[in-house]
Amino acid sequence: MKLAVFSAKAHDRTYLEQVRDARFPDLCKIDFHAFSLSQETVPLARGCDAICVFVNDTLDEAVLRALHAYGVRAILLRCAGFNHVHLPTAEALGLFVANVPAYSPEAVAEFAVALIQTLNRKTHRAYNRVREGNFNIEGLLGNTLHGKTVGIVGVGRIGLAAARIFNGFGCRLLAYDPFAGEEFRQYGTLVELDELLRESHIVSLHCPLTEGTKHLINEETLGKIRPGSLLVNTSRGGLIDTTAVIQALKTKQLGGLALDVYEAEGELFYNDHSGEIIEDDVLMRLMTFHNVLICGHQGFFTREALEEISGVTLSNLSDFVSGISCKNSLVTEGHVLARRDTEPVRL
Ligand code: NAI
């Protein structure tokens with residue numbers, strides 16, 4: 001079986017090859033492509049049985065149809081989010097699609113807390129000052145987290161991990177999640193979004209990007225937040241209307257913003273653009289605020305998470321090849337398996 005990995009970085013090669021050799025030695029031959037999957041690059045999947053993609057690869061209807069025409073039968077997402085995959089088309093084509101739903105919720109939650117504490121205690125500014133021999137602490141005043149109210153939007157795996165950490169800090173916790181289970185109640189109170197925004201000193205986004213959550217943070221909801229509060233987004237960029245957030249920063253309604261994700265990140269993130277003129281004026285405006293912290297989608301990026309991602313990705317592929325029902329499948333499995341009865345995977 002031949003697997004093509006798109007958007008491959010050195011760490012993808014290291015971990016996928018390591019895990020393949022140790023646990024699935026006969027599963028597949030792997031081709032690594034540094035560029036992302038798109039209409040232009042999809043012909044590279046010709047002759048492959050499976051492809052492996054990441055968060056900023058394009059898997060719209062046209063790309064999925066092209067993949068299918070080139071003989072690809074399995075799509076492995078080495079990430080949790082699948083908002084970038086047109087699942088109805090994948091299902092109609094009988095493609096197997098599986099993700100890695102939980103590789104290390106703690107890794108992302110810990111990163112969200114790291115961003116909040118950097119923004120709050122201004123350690124990023126202190127670091128720069130001290131390196132220049134400036135030990136002045138004026139302008140670095142922060143707030144004690146203990147006793148503050150933290151609002152978590154989406155208390156799934158990552159939101160719950162964040163709740164556990166903030167609980168340890170001694171924060172009061174609120175959460176908004178229309179589909180929440182019982183687990184959050186041991187840490188705090190489930191409330192409506194308006195109440196969460198009104199009450200919270202810190203708002204942390206951990207819900208998926210869907211049609212219903214796109215621009216969840218917009219001009220109207222920003223008007224309801226507690227003035228001066230901090231907003232952190234380690235989920236998906238599309239949850240925030242960036243233009244509206246810039247306005248809220250200008251009026252000081254929002255006291256600070258930390259982003260690990262950005263709605264137009266696909267054009268920029270995961271690549272070095274330091275020698276180029278960046279044309280995204282919205283992002284460039286965001287970067288001018290002293291109280292905005294931006295990272296390039298690295299919340300997941302720990303050794304433990306990479307090992308888990310590679311393991312689950314190849315285990316998903318192994319399930320597909322063996323015809324075993326895959327617990328991480330995102331499409332109606334019966335359809336895929338039935339199709340494979342008549343058209344076996346090339347090994
Ligand atoms: P999950 O599926 O375990 O939890 C998501 C939660 O959001 C669920 O409890 C769900 O009920 C809730 N939710 C759904 N619609 C909602 C709405 N309209 N309002 C409020 N809550 C809503 O997902 P998990 O593993 O916690 O991941 C959350 C998100 O984090 C993913 O969708 C992904 O986009 C992002 N992520 C970011 C990473 C990074 O590196 N920055 C890495 C991994 C995930």
Side-chain angles (χ1 to χ4, degrees), residues 7 9 11-12 53-57 59 77-85 87 99-116 150-166 173-185 187-197 200 203-218 221 224 231-240 258-263 265-266 269-270 293-306 308-310 312-313 327-328 330:
S7 303
K9 299 286 181 201
H11 60 262
D12 293 309
V53 294
F54 197 45
V55 290
N56 290 325
D57 288 291
L59 291 131
L77 311 180
R78 54 183 193 283
C79 56
F82 48 87
N83 51 285
H84 54 317
V85 188
L87 287 178
N99 70 342
V100 184
Y103 33 89
S104 176
E106 287 77 17
V108 185
E110 287 170 13
F111 194 72
V113 177
L115 287 180
I116 288 164
V150 176
I152 301 179
V153 179
V155 276
R157 284 167 286 238
I158 298 173
L160 279 173
R164 285 191 286 272
I165 300 171
F166 284 119
L173 290 179
L174 301 178
Y176 166 67
D177 186 332
F179 317 103
E182 280 305 301
E183 202 176 336
F184 176 75
R185 291 185 201 277
Y187 306 113
T189 315
L190 285 164
V191 294
E192 288 303 318
L193 183 61
D194 282 5
E195 186 180 341
L196 180 147
L197 296 173
S200 301
V203 175
S204 195
L205 304 181
H206 298 291
C207 62
L209 176 62
T210 61
E211 276 181 20
T213 60
K214 184 166 167 40
H215 288 181
L216 184 84
I217 302 298
N218 54 39
T221 46
K224 295 175 180 167
L231 175 65
V232 61
N233 186 9
T234 55
S235 189
R236 284 293 179 267
L239 295 177
I240 294 182
L259 300 179
D260 187 41
V261 288
Y262 167 58
E263 55 181 331
E265 69 177 50
F269 283 18
Y270 296 124
L293 192 62
I294 303 174
C295 290
H297 206 146
Q298 65 172 90
F300 71 98
F301 202 46
T302 65
R303 288 181 181 82
E304 294 77 5
L306 289 182
E308 184 68 12
I309 289 170
S310 298
V312 176
T313 299
K327 66 177 193 298
N328 301 322
L330 298 168

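Each ligand, and each atom within it, is numbered from 1 in the order the structure gives.
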* Which atoms form the tightest heavy-atom contact between C207 and S235, and what is the distance? -> O-OG, 2.5 Å
* To do: Can you measure from CG (L197) to NZ (K224) and round to the nearest 0.5 angstrom?
  => 7.5 Å
* To do: Taking H84 for its side chain and F54 for its backbone only, find out whether a donor-acceptor pair lies under 3.5 Å.
  => yes
* To do: Describe, in one word, how the ring planes of Y103 and F300 are oriented to each other, choosing from parallel (under 30°), tilted (30 to 60°) and perpendicular (over 60°).
  => perpendicular
* How long is the gap from CZ on R78 to CD1 on I309, to the nearest 0.5 Å? -> 8.5 Å
* To do: Taking only heavy atoms of the protein into account, state which residues are under 4.0 angstrom from an atom of ligand 1, in chain and number order.
  => P101, Y103, V108, V153, G154, V155, G156, R157, I158, Y176, D177, P178, F179, H206, C207, P208, T213, T234, S235, R236, D260, H297, G299, F300
* To do: Name all residues meeting the side chain to side chain contact (heavy atoms under 4.5 Å, CB included) criterion together with E265; count only those two or more places apart in sequence or in a different chain, and write none if there are none.
  => V55, N56, V261, Y262, F269, H297
